[in-house]
K.L.:
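Dropping a structure here in structure tokens format, bear with me for questions.
These values consider heavy atoms only, across backbone and side chains, with no hydrogens, waters or symmetry-generated copies. Protein chains get the first letters and strands the later ones, always in sequence-line order, with residue 1 at the start of each.
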Protein chains: 2
Amino acid sequence: MSYGTMSVDERRLLPPAVAVSTVAFALRPPVGARLEDAASEASIEAGTDPRNRGTAPTLWLPLVRRTRPPFEGRWALPGGPIPWDETLVDTALRTLQDAVMRRPGYLEQLYSFGAVERSAEAQRLVTIAYWALFGERDLSAPLRPDSEPSATHDPNVAWFSADALPKLAFDHAEIVAHALDRLRSKTAYSTVAFRFLGDSFTLAQLREVREAILGETIDAANFRRYALSQGHLVETGEKTSGTRHRPAKLYRFRERSTSPHGEGTEDADANNAQHTVRNSA
Amino acid sequence: MSYGTMSVDERRLLPPAVAVSTVAFALRPPVGARLEDAASEASIEAGTDPRNRGTAPTLWLPLVRRTRPPFEGRWALPGGPIPWDETLVDTALRTLQDAVMRRPGYLEQLYSFGAVERSAEAQRLVTIAYWALFGERDLSAPLRPDSEPSATHDPNVAWFSADALPKLAFDHAEIVAHALDRLRSKTAYSTVAFRFLGDSFTLAQLREVREAILGETIDAANFRRYALSQGHLVETGEKTSGTRHRPAKLYRFRERSTSPHGEGTEDADANNAQHTVRNSA
DNA sequence: GCAATAGTGTCTTTAAGACATTATGCC
DNA sequence: GGCATAATGTCTTAAAGACACTATTGC
């Protein structure tokens, strides 16, 4: 029996198909991106928004509108089927990049979802979910810069605040919730927070990232003591200026090579195949 | 083109198939199970072994010998393809149960593996790995008790010490390493260790479980203080006897309903779809 | 000087490691 | 009584929260 000529009922009985979906976080949408507000269903455009300078209070993520059944018209996570010759990670990267024209700075597998009722109409779908992170430097320039930068948006790709998501296709709402949990728990023991920021940053910015992710305020003095003790920060020697208060030192992130003395605290799941994604450009 | 009449080359170009594999740990092999030693390739039988009383110093896990290509003859993790109408968890449980005739007390998704070179010969295979845990009470009686309990072993199923595994099929060695990591890191913040033990146990037994998993000794006094402070232990009122030293109090495990006062420390990934598996019998 | 944030110092609480001391059942 | 382990207590150190205080810029 041929794949193409099957009826819907026959499709249901096939072995499950596999696809990859990715929850990609950023502290702000990229300049020029299409924004959507789930409540009003109105779309605006990023760029002149004052939130783009400084740290946004919420996390943003890109979604893709489905153009065919099942769940036609609904918003869904970027993703797609796995070609026979492509790594899971590569499929995640490629589909995400096709949607938002940018490469994330970080990518990590999240969880696999495969409940039988995922898609009642069609062939059963097992989804391997990834989560990704766009840092400040990843958001700057689109990979394929349009000659008219603000005009030709794909109307089926938009950025949403994680606080106000629309009704999602499949069980993608569950996947997003899972990704948020993972992001929150990872900030406790890993260095993901750094990846949201640019090459240099102040301690206040780093603290604000943590506050945005955790959703609670942190004592600035204690945070400073903790952050500096971790050994990941190097002073650049420069300071901020133009503020109407005391200027702050700028720091750079450095992967700690070996701990000064003693065992050193390993990443709680260092073997979980995390990926730092770098542009080849 | 029909599924059944494809050549090997044609199979390679198909969308990946999905399967489930499970790493199942126990502190000792079940009585009557077939044991294998990877080094000597000799198989013995569990039962009279003194290790079966008291806590074993290493972890054990069941493997299944493959009876067809690819990797024919190699040992592999219990598992199999996912039927269209079965949950991922259920597939993991069913295939594990078919292999070892017992239900694990705990099951949790581990990670999904899908490198392109996983199986060079046949259709590409994406494996969703689970890890499971057999507690003392799960090891006692086989689900389908043979009339001749020690005779009819499936020769293609055996238990191995995690320290001395044979060469495994596919990338299953990597999966086992992953599962060991997860088990170790989970004992730090969750209550998995309890699940290796029976209904009641002494603090020394609980400590020995942690020592076996972590591979290092723990100060008995400090461990006692910590364990009791977690609020998961209830005295049964009974004591051990027959030892030639001071008898120890017996404790029972209790899921902490709410913390006595304050927020309470959540499980670091409470939403990771863990499963407590109980027999319906 | 004032506003506002950067950065420092100190006190307290809590958790954990090291280790000495007492308790108890069995021989 | 002596052995072996259970159970308790004490001292020390490290980390983290609370919070007062000082420093430095722009206005």
K.L.:
Tell me whether the OP1 or OP2 atom of C:dC27 has a side-chain N or O from B:R244 closer than 4.0 Å.
P.N.:
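No, no such contact exists.
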K.L.:
NZ of B:K239 versus P of D:dA4: gap in Å, rounded?
P.N.:
21 Å
K.L.:
Do B:R137 and B:D199 sit within salt-bridge range, that is, some charged N less than 4.0 Å from a carboxylate O?
P.N.:
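Yes, charged N to carboxylate O under 4.0 Å.
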K.L.:
Separation of B:Y226 atom OH from C:dG17 atom P, in whole Å?
P.N.:
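Computing the B:Y226:OH to C:dG17:P distance gives 10 Å.
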K.L.:
Describe the nucleic acid contact of A:T243 in one word from base, sugar-phosphate, nothing, applying a heavy-atom distance below 4.0 Å.
P.N.:
sugar-phosphate
K.L.:
Centre-to-centre under 6.0 Å for B:Y251 and B:H232, is that the case here?
P.N.:
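Centroid distance B:Y251-B:H232: not below 6.0 Å, so no.
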K.L.:
Salt bridge between B:D138 and B:R103, side-chain N to carboxylate O under 4.0 Å?
P.N.:
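B:R103 and B:D138: not salt-bridged.
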K.L.:
Please give, in whole Å, the distance from D:dA6 P to B:E235 CD?
P.N.:
15 Å
K.L.:
Please state how far atom NZ in B:K249 lies from atom C1' in C:dT24, giving the value in whole angstrom units.
P.N.:
12 Å
K.L.:
Using modelled atom types only, decide if a donor and an acceptor are shared between the side chain of A:R182 and the backbone of A:L110 within a distance under 3.5 Å.
P.N.:
yes
K.L.:
Would a distance-only check, ignoring hydrogens and angles, find a side-chain to backbone donor-acceptor pair under 3.5 Å from A:N222 to A:D219?
P.N.:
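No; judged by distance alone, with no hydrogens or angles, the pair does not exist.
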K.L.:
Classify the side chain of B:N222 versus the base of C:dA18 as yes if they form a donor-acceptor pair under 3.5 Å and no if they do not.
P.N.:
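By the distance-only test, yes, there is a pair.
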K.L.:
Within this structure, what is the CZ-to-P distance between A:R224 and D:dA23, rounded to whole angstrom?
P.N.:
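It is 15 Å, rounded to the nearest whole Å.
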K.L.:
Counting distance alone, no hydrogens or angles: does the base of D:dA16 have a donor or acceptor under 3.5 Å from a partner atom on the side chain of A:R225?
P.N.:
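Such a pair is found, so the answer is yes.
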K.L.:
Take atom CG of B:D219 and atom P of D:dT12, then tell me their distance rounded to the nearest Å.
P.N.:
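To the nearest whole Å, that distance equals 17 Å.
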K.L.:
Quickly work out the B:H245 NE2 to C:dC27 P distance and round it to whole Å.
P.N.:
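After rounding, the gap between these two atoms is 12 Å.
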K.L.:
What nucleic acid atoms does A:A221 come within less than 4.0 Å of, heavy atoms only: base, sugar-phosphate, or nothing?
P.N.:
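Here A:A221 touches the bases of the nucleic acid.
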K.L.:
Quick check: any donor-acceptor pair below 3.5 Å linking the side-chain of B:R246 to the base of D:dA4?
P.N.:
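No, the side chain and the base share no sub-3.5 Å donor-acceptor pair.
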K.L.:
If I take atom CG in residue B:L228 and atom C1' in nucleotide D:dA6, what distance separates them, rounded to the nearest angstrom?
P.N.:
12 Å
